[in-house]
Amino acid sequence: MTPAELSSALLSVLDAAVASGDLDVPADRLPASVTIERPRSAEHGDYATNVALQLAKSAGRPPREVASVLATRIQALPGIAAVDVAGPGFLNITLEAAAQGELARTIVGEGEAYGRGATMSGVRVNVEFISANPNGPLHLGHTRWAAVGDSIARVLEAAGADVAREFYINDRGVQMDRFGESLREAANGRPAPEDGYHGGYITDLAAAIVADHPEYLDLPAGEQLVVFREAGYVLQLKQQQDVLTLFRTEFDVWYSERSLYESGAVERGLVTLREQGHSYELDGALWLRTTDFDDDKDRVLIKSDGETTYFASDSAYYLDKRVRGFDINIYLLGADHHGYVNRLRAIAACAGDDPNVSIEVLIGQLVKMYRGGQEVRLSKRKGDIVTLEDLVDEVGVDAARYTLCRYPVDTPLSLDLDLLVKQTNDNPVYYVQYAHARISSLLRNAAELGLDVNLEDFDAGLLVHAREGDLLGSLGQFPRVVTGAAELREPHRVARYLEELASAYHKFYDSCRVLPRGDEEASPTHSARLVLCAATRQVLANGLALLGVTAPERM
RNA sequence: GCCCCCGUAGCUCAGUGGAUAGAGCAGCUGCCUUCUAAGCAGUUGGCCGCACGUUCGAAUCGUGCCGGGGGCGCCA
């Protein structure tokens with residue numbers, strides 16, 4: 001029996017109790033679903049529900065009395081071993097071993113589909129993340145969004161949503177010109193301009209461009225800026241794309257800011273905003289009245305000198321996403337962009353959308369990094385940067401992705417590079433991966449003994465050990481963890497869950513022998529445990545896949 | 001000044017209003033002649049920043065303080 005099945009069974013019990021008059025609760029006070037949770041302590045049974053506590057007021061009776069009415073009826077359900085009323089009115093439910101053990105069969109049968117759901121089926125979601133300027137390598141901040149954004153997309157897909165991963169290329173504006181200028185100066189053997197970029201990558205890029213196009217150096221300075229800027233753009237974007245592929249983060253859409261202008265999207269966007277009546281002219285500039293929607297000041301779309309602002313691009317970009325038919329547009333932005341939240345929401349509102357539905361801005365706190373006990377400062381201008389590529393070289397894709405996904409994004413993150421470099425079990429990713437490798441090895445050994453994972457002869461009632469019960473209980477939580485992570489856009493819940501599951505497995509492994517020893521005959525218990533192992537391996541693999549981390553067969 | 005985030009064990013951090021607040025690391029102590037010891041078991045460690053409020057029940061929700069970080073542009 002899965003937790004979901006138990007929950008709906010309890011709802012039926014509730015309805016029956018009300019229908020028969022045992023409980024007097026108005027129909028509109030009945031819950032839509034019954035919450036089931038795993039008690040922390042084993043003495044509180046396999047599952048617990050607080051439904052009696054919540055209903056006590058509507059029923060006009062003490063919680064324990066409500067609980068006791070329900071307990072009698074729950075006791076009569078198939079697969080229930082015991083029901084206790086505890087504390088202020090909790091119902092603690094213990095399942096029969098066979099009912100609980102059947103979960104292993106369900107998981108092995110469903111395979112990769114176990115944990116996937118349909119709660120967001122039919123919802124079209126755009127997840128935009130990283131969105132860097134193509135004028136330098138992706139740094140550690142971008143790396144956090146790469147790992148988290150991609151995992152959010154994976155978790156949403158697992159919940160049934162139709163997801164597009166999108167990277168907005170900030171390829172317009174003065175930063176690009178500074179980039180071109182810095183490349184030109186480097187190509188000519190001159191130091192970078194005061195407000196330009198200084199990193200070693202500039203020298204390398206400039207050299208690569210000159211190698212391909214020595215004739216660029218013969219052009220006038222103004223033209224050199226343009227050709228170096230454009231050639232650098234192409235090379236740098238390609239480098240970003242390659243490193244993201246290495247990081248297992250694939251985008252469905254690379255959306256160029258320039259293309260908003262070339263395609264007429266900006267024009268169309270300005271027309272839409274004017275039609276909705278929220279733009280106006282003042283002092284020769286065109287403004288959007290975002291203060292109508294919680295922004296603290298109106299924003300300029302077109303400056304008095306005729307230039308469009310970055311905000312105009314943002315508006316046009318949102319309106320273009322809208323035309324493309326997304327129900328929810330998720331933006332992952334750094335903490336230094338929190339001032340953008342209200343104006344992005346105001347864009348949606350000005351366009352006639354409900355920002356509470358169509359726009360979600362996830363503000364992530366910055367990543368700090370320590371090496372040798374000293375904070376590593378990041379500054380792209382100075383070239384003193386730790387790139388995504390550096391991090392992957394040092395700790396590997398798995399450890400990097402897992403570590404970055406393990407924390408909620410609104411927590412500032414401190415990474416100790418020395419610790420990550422060690423690749424010991426200081427890093428929980430190894431603990432989880434080790435569990436998967438351990439099971440894989442065990443299943444290989446089983447195959448050599450001629451034992452297969454056999455669902456036909458599987459006797460769930462043999463899984464009676466306390467550690468087996470704990471493991472089954474943990475396995476049952478997975479679907480709820482996935483939908484919760486999707487709804488809350490918090491993939492770290494998957495990582496934390498996997499650590500719990502791995503722990504439950506290691507404990508089981510320590511006290512329950514799976515394979516027959518020596519000359520021992522293979523018993524039905526051995527077979528049943530083998531199915532339990534296979535189920536655990538499946539859930540570990542499914543969970544790691546949601547984080548973009550590999551599930552190794554051997555370590 | 002206004003806005004956002006954070007404050008939980010020595011350190012890094014989990015904890016979607018539930019029962020005795022958890023994990024890893026660090027410290028101490030045990031467990032490998034048979035399935036991976038990257039493991040398991042035990043032990044040490046807490047005014048959940050402070051106060052008041054809402055609730056049957058608050059680390060969690062509200063208000064006010066205190067402390068730390070970040071942000072305010074006809075910049076991009």
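This structure is a prediction, so every number in the text was calculated from the model and none was measured.
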Using the side-chain hydrogen bond (donor to acceptor under 3.5 Å, both in side chains) rule, collect all pairs that involve residues 525-538 of chain A, keeping only residues at least two apart or in two chains.
-> A/Ser440-A/Arg537, A/Glu468-A/Arg529, A/Ser523-A/His526, A/Arg537-A/Glu553, A/Gln538-A/Asn542

Any N or O donor-acceptor pair linking the side chain of A/Asn50 to the base of B/rA19 at under 3.5 Å?
-> no

OP1 or OP2 of B/rA14 sitting under 4.0 Å from any side-chain N/O of A/Thr411?
-> yes

Under 3.5 Å side-chain donor-acceptor pair for A/Tyr261 and A/Ser313 | yes

Classified by glycosidic angle (syn within 90° of 0, else anti), B/rC66 comes out anti

Kindly write out the residues that satisfy ring-ring contact (aromatic ring centres under 6.0 Å, His included) with A/Tyr47, not counting sequence neighbours, or none if the list is empty.
-> none

B/rG22 to B/rU44 separation - P atoms, rounded to the nearest Å | 14 Å

Using the C1' atoms only, state how far B/rA9 lies from B/rU43, rounded to an integer number of Å.
-> 15 Å

Rounded distance in Å - CD (A/Gln365) to P (B/rG69) = 13 Å

Taking atom P in both B/rU20 and B/rC48, compute the distance separating them and give it to the nearest angstrom.
-> 15 Å

Tell me the side-chain hydrogen bond (donor to acceptor under 3.5 Å, both in side chains) pairs involving residues 341-350 of chain A, sequence neighbours left out?
-> A/Arg345-A/Asn356

Determine the Euclidean distance between corresponding P atoms of B/rC25 and B/rG71; express it in Å to zero decimal places.
-> 35 Å

Using the test ring-ring contact (aromatic ring centres under 6.0 Å, His included), find all partners of A/His278 that sit at least two apart in sequence or belong to another chain.
-> A/Phe293

So, A/His44 and B/rA19: ring centres less than 5.5 Å apart, planes less than 30° off, yes or no?
-> yes

Distance between C1' atoms of B/rG73 and B/rC11 (Å, rounded) = 40 Å

B/rG73 OP1/OP2 closer than 4.0 Å to side-chain N/O of A/Arg343 | yes

In whole Å, what separates the C1' atom of B/rC74 from that of B/rA59?
-> 46 Å

Using only heavy-atom distances, decide whether a donor-acceptor pair under 3.5 angstrom links the side-chain of A/His338 to the base of B/rG71.
-> no

Aromatic centroids of A/Tyr505 and A/Phe508 separated by under 6.0 Å | yes

Given B/rA41, B/rC56, B/rC35, the nucleotide with the shortest approach to the side chain of A/Leu515 | B/rC35

Sugar-phosphate only, base, or nothing, as touched by A/Arg554 at under 4.0 Å among non-hydrogen atoms = base

Using the C1' atom in both, what is the distance from B/rA14 to B/rA21, to the nearest Å?
-> 11 Å

Looking only at side-chain N and O atoms, does A/Arg40 come under 4.0 Å of OP1 or OP2 in B/rG22?
-> yes

Under-4.0 Å side-chain N/O to phosphate OP1/OP2 contact, A/Arg529 with B/rC35 = no

When all nucleic acid strands are considered with a 4.0 Å heavy-atom cut-off, which category describes A/Cys533: base, sugar-phosphate, or nothing?
-> nothing

Any side-chain N or O of A/Arg517 under 4.0 Å from OP1/OP2 of B/rC35?
-> no

Counting any heavy atom closer than 4.0 Å, what does A/Val174 reach on the DNA or RNA strands: base, sugar-phosphate only, or nothing?
-> sugar-phosphate

Look at the side-chain N and O atoms of A/Asn92 and state whether any lies under 4.0 Å from the OP1 or OP2 oxygen of B/rA19.
-> no

With heavy atoms under 4.0 Å as the rule, sort A/Ala48 into base, sugar-phosphate or nothing.
-> base

If you look at every strand shown and take non-hydrogen atoms under 4.0 Å, does A/Ala446 touch a base, only sugar-phosphate, or nothing?
-> nothing

Report yes if the ring of A/Tyr509 lies under 5.5 Å from the six-membered base ring of B/rG39 with planes under 30°, and no otherwise.
-> no

Charged N to carboxylate O below 4.0 Å: is that the case for A/Asp510 and A/Arg513?
-> no

Here RNA chain B, pairs taken as Watson-Crick or G-U under 3.5 Å and shown with ( ), [ ] when crossing and | when to another strand, reads (((((((..((((....[...)))).(((((.......))))).....(((((..]....))))))))))))....

Give a yes/no answer on whether the side chain of A/His492 brings an N or O atom under 4.0 Å of OP1 or OP2 in B/rG15.
-> yes

Nearest whole angstrom, please: distance from the P of B/rC35 to the OH of A/Tyr434.
-> 11 Å

Counting only distance, no hydrogens or angles, is the base of B/rC40 paired donor-acceptor with the side chain of A/His506 under 3.5 Å?
-> no

Taking RNA chain B as the partner, which of residues 291-306 of chain A come within under 4.0 angstrom of it by heavy atom?
-> A/Lys297, A/Arg299, A/Val300, A/Lys303, A/Ser304

side-chain N/O A/Tyr407 vs B/rA23 OP1/OP2, d < 4.0 Å = no

With a 4.0 Å cut-off on heavy atoms, is A/Glu448 in touch with a base, just the backbone sugar-phosphate, or nothing at all?
-> nothing

Once the angle between the rings of A/Tyr197 and A/Phe179 is folded into 0 to 90°, is it parallel (under 30°), tilted (30 to 60°) or perpendicular (over 60°)?
-> perpendicular

Modelled atom types, side-chain donor and acceptor of A/Asp398 and A/Gln433, under 3.5 Å = yes

C1' gap between B/rU12 and B/rG1, integer Å | 35 Å

Residue pair A/Ala435/A/Leu442 against RNA chain B: nearer the 5' end by closest nucleotide is A/Leu442

